[in-house]
Asker: 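Would you mind keeping the following structure in view while I ask a few things?
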Amino acid sequence: MKLRIVRAALLLFALMLTGCQSKGYGQVIEDNWDISIPEDYELLYEASSDLGFHGDNERYHVFAYSESSELADIVTWLDDATINARVAEILNGLKVEEKYRPTARSGLKRYTFRKEGSSRMYWYFDAVNGLLYVVEDFF
């Protein structure tokens with residue numbers, strides 16, 4: 001009887017832990033950058049470099065949204081489709097395939113977040129296709 005109670009408690013605990021982690025990478029962005037992205041995304045692609053001695057690394061994610069209107073108002077987007085040279089360097093280093101990269105085209109918007117030190121997060125938003133490209137550069 002006691003063994004059943006212990007097993008049930010362990011199963012419940014495991015289910016609770018699984019539920020706590022179900023928010024996905026959007027929660028990591030919120031924890032690291034103090035900004036949240038809408039949770040109704042599909043993660044299309046992810047890549048990251050090895051963690052450096054000082055915690056430095058690069059991460060890249062592509063999120064797809066069926067309804068991208070929520071993203072339109074999340075930050076003040078710049079109507080500039082320029083792909084930053086540092087972003088291109090990161091994507092090359094991570095060996096990201098062309099089909100998962102943002103391309104400079106009409107309608108692509110961008111925004112850059114800065115943290116103390118040199119850490120940056122670059123967002124590219126393709127409203128037409130409902131894609132959010134997130135490049136994180138931690139120093």
Side-chain angles (χ1 to χ4, degrees):
M1 181 71 156
K2 285 185 180 181
L3 185 58
R4 282 187 181 179
I5 293 172
V6 170
R7 284 183 182 167
L10 287 173
L11 179 61
L12 181 61
F13 181 69
L15 290 172
M16 287 178 12
L17 283 178
T18 304
C20 291
Q21 297 175 358
S22 65
K23 285 195 174 192
Y25 200 77
Q27 184 63 49
V28 175
I29 290 174
E30 184 173 350
D31 292 344
N32 287 335
W33 300 95
D34 296 322
I35 187 161
S36 59
I37 62 173
E39 295 178 15
D40 59 333
Y41 61 78
E42 176 187 352
L43 180 60
L44 295 183
Y45 185 87
E46 65 182 328
S48 64
S49 65
D50 293 333
L51 193 59
F53 180 74
H54 298 286
D56 54 315
N57 78 326
E58 295 87 26
R59 301 176 191 167
Y60 180 63
H61 292 81
V62 181
F63 302 98
Y65 288 88
S66 57
E67 179 58 52
S68 62
S69 62
E70 292 179 57
L71 286 170
D73 300 325
I74 203 165
V75 295
T76 305
W77 296 99
L78 300 174
D79 289 320
D80 178 3
T82 304
I83 305 300
N84 179 302
R86 177 64 183 142
V87 168
E89 181 182 327
I90 291 169
L91 298 181
N92 289 337
L94 294 174
K95 297 177 177 41
V96 175
E97 297 174 53
E98 285 298 319
K99 68 180 181 179
Y100 293 113
R101 293 179 181 221
T103 55
R105 64 181 168 278
S106 178
L108 187 70
K109 299 176 184 299
R110 69 178 173 86
Y111 190 84
T112 302
F113 297 84
R114 292 176 175 82
K115 288 180 90 169
E116 279 187 37
S118 300
S119 294
R120 303 278 186 269
M121 179 170 61
Y122 307 93
W123 280 8
Y124 293 90
F125 175 45
D126 177 352
V128 172
N129 296 306
L131 298 174
L132 176 64
Y133 302 89
V134 178
V135 181
E136 295 171 281
D137 190 10
F138 291 101
F139 281 99

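These numbers come from the heavy atoms of this one structure, side chains and all, not from hydrogens, waters or symmetry mates. For this chain, numbers begin at 1 and follow the sequence in order.
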Asker: Identify the heavy atoms of Y25 and Y41 that sit nearest to each other, and give their distance.
Answerer: N-OH, 3.2 Å
Asker: Is there a side-chain contact between F113 and V75, using heavy atoms and a 4.5 Å cut-off?
Answerer: yes
Asker: Do the ring planes of F63 and H61 sit parallel (below 30°), tilted (30 to 60°) or perpendicular (above 60°)?
Answerer: parallel
Asker: Considering all heavy atoms of both residues, which atom of L44 and which atom of Y100 are nearest to each other, and what is their separation?
Answerer: O-CE2, 4.0 Å
Asker: Should the pair R86-E58 be classified as a salt bridge under the 4.0 Å nitrogen-to-oxygen rule?
Answerer: yes
Asker: Do I37 and L131 sit in the same hydrophobic cluster, where Ile, Leu, Val, Met, Phe, Trp and Tyr count as joined when their side-chain heavy atoms come under 4.5 Å apart?
Answerer: no
Asker: Can you find a heavy atom in the side chain of N84 that is under 4.5 Å from one in the side chain of R120?
Answerer: no
Asker: Over all heavy atoms of both residues, which pair between S48 and N57 is shortest? Give the atoms and the distance, please.
Answerer: CB-ND2, 4.4 Å
Asker: What distance do M121 atom CE and D137 atom CG have between them, rounded to the nearest 0.5 Å?
Answerer: 12.0 Å
Asker: I'd like to know if L132 and I29 are part of one continuous hydrophobic network [Ile/Leu/Val/Met/Phe/Trp/Tyr, side-chain heavy atoms within less than 4.5 Å].
Answerer: yes
Asker: Would you say V134 and Y60 are hydrophobically clustered, going by side-chain heavy atoms of ILVMFWY under 4.5 Å?
Answerer: no
Asker: Does any part of the side chain of F138, heavy atoms only, come nearer than 4.5 Å to the side chain of N32, both counted from C-beta?
Answerer: yes
Asker: At what distance, to the nearest 0.5 angstrom, does CD of Q27 lie from CD of E39?
Answerer: 7.5 Å
Asker: Which atoms form the tightest heavy-atom contact between A88 and I83, and what is the distance?
Answerer: N-CG2, 4.4 Å
Asker: Please check if F125 and Y133 belong to a single hydrophobic cluster, counting links between Ile, Leu, Val, Met, Phe, Trp and Tyr side chain heavy atoms closer than 4.5 Å.
Answerer: no
Asker: Any salt bridge linking R110 with D80? Criterion: basic side-chain nitrogen under 4.0 Å from a carboxylate oxygen.
Answerer: yes
Asker: Going by heavy atoms in the side chains, are L108 and T103 under 4.5 Å from each other?
Answerer: no
Asker: Please check this pair: side chain of W77 against backbone of L71, looking for a donor-acceptor N/O pair closer than 3.5 Å.
Answerer: yes
Asker: Kindly determine whether Y122 and Y124 satisfy ring-ring contact (aromatic ring centres under 6.0 Å, His included), including the steps that lead there.
Answerer: CA-CA 7 Å; Y122 307 93; Y124 293 90; 7.3 Å; no
Asker: Please answer whether the main-chain N or O of A72 pairs with a side-chain N or O of K109 as donor and acceptor at a distance below 3.5 Å.
Answerer: no
Asker: Y65 and V128: same hydrophobic cluster, using ILVMFWY side-chain contacts below 4.5 Å?
Answerer: no
Asker: Is the shortest side-chain heavy-atom distance between P102 and L91 below 4.5 Å?
Answerer: yes
Asker: Which atom names give the shortest non-hydrogen contact between S68 and A127, and what distance separates them?
Answerer: OG-O, 3.4 Å
Asker: Just checking N92: does its CG atom have more than 12 heavy atoms from other residues, nucleotides or ligands closer to it than 6.0 angstrom?
Answerer: yes
Asker: How far apart are the closest heavy atoms of W33 and K115, and which atoms are they?
Answerer: CZ3-CG, 3.1 Å
Asker: Would you mind reporting whether D56 and S118 have side-chain heavy atoms less than 4.5 Å apart?
Answerer: no
Asker: Taking the side chain as everything from C-beta on, heavy atoms only, tell me whether Y111 gets closer than 4.5 Å to I74.
Answerer: no
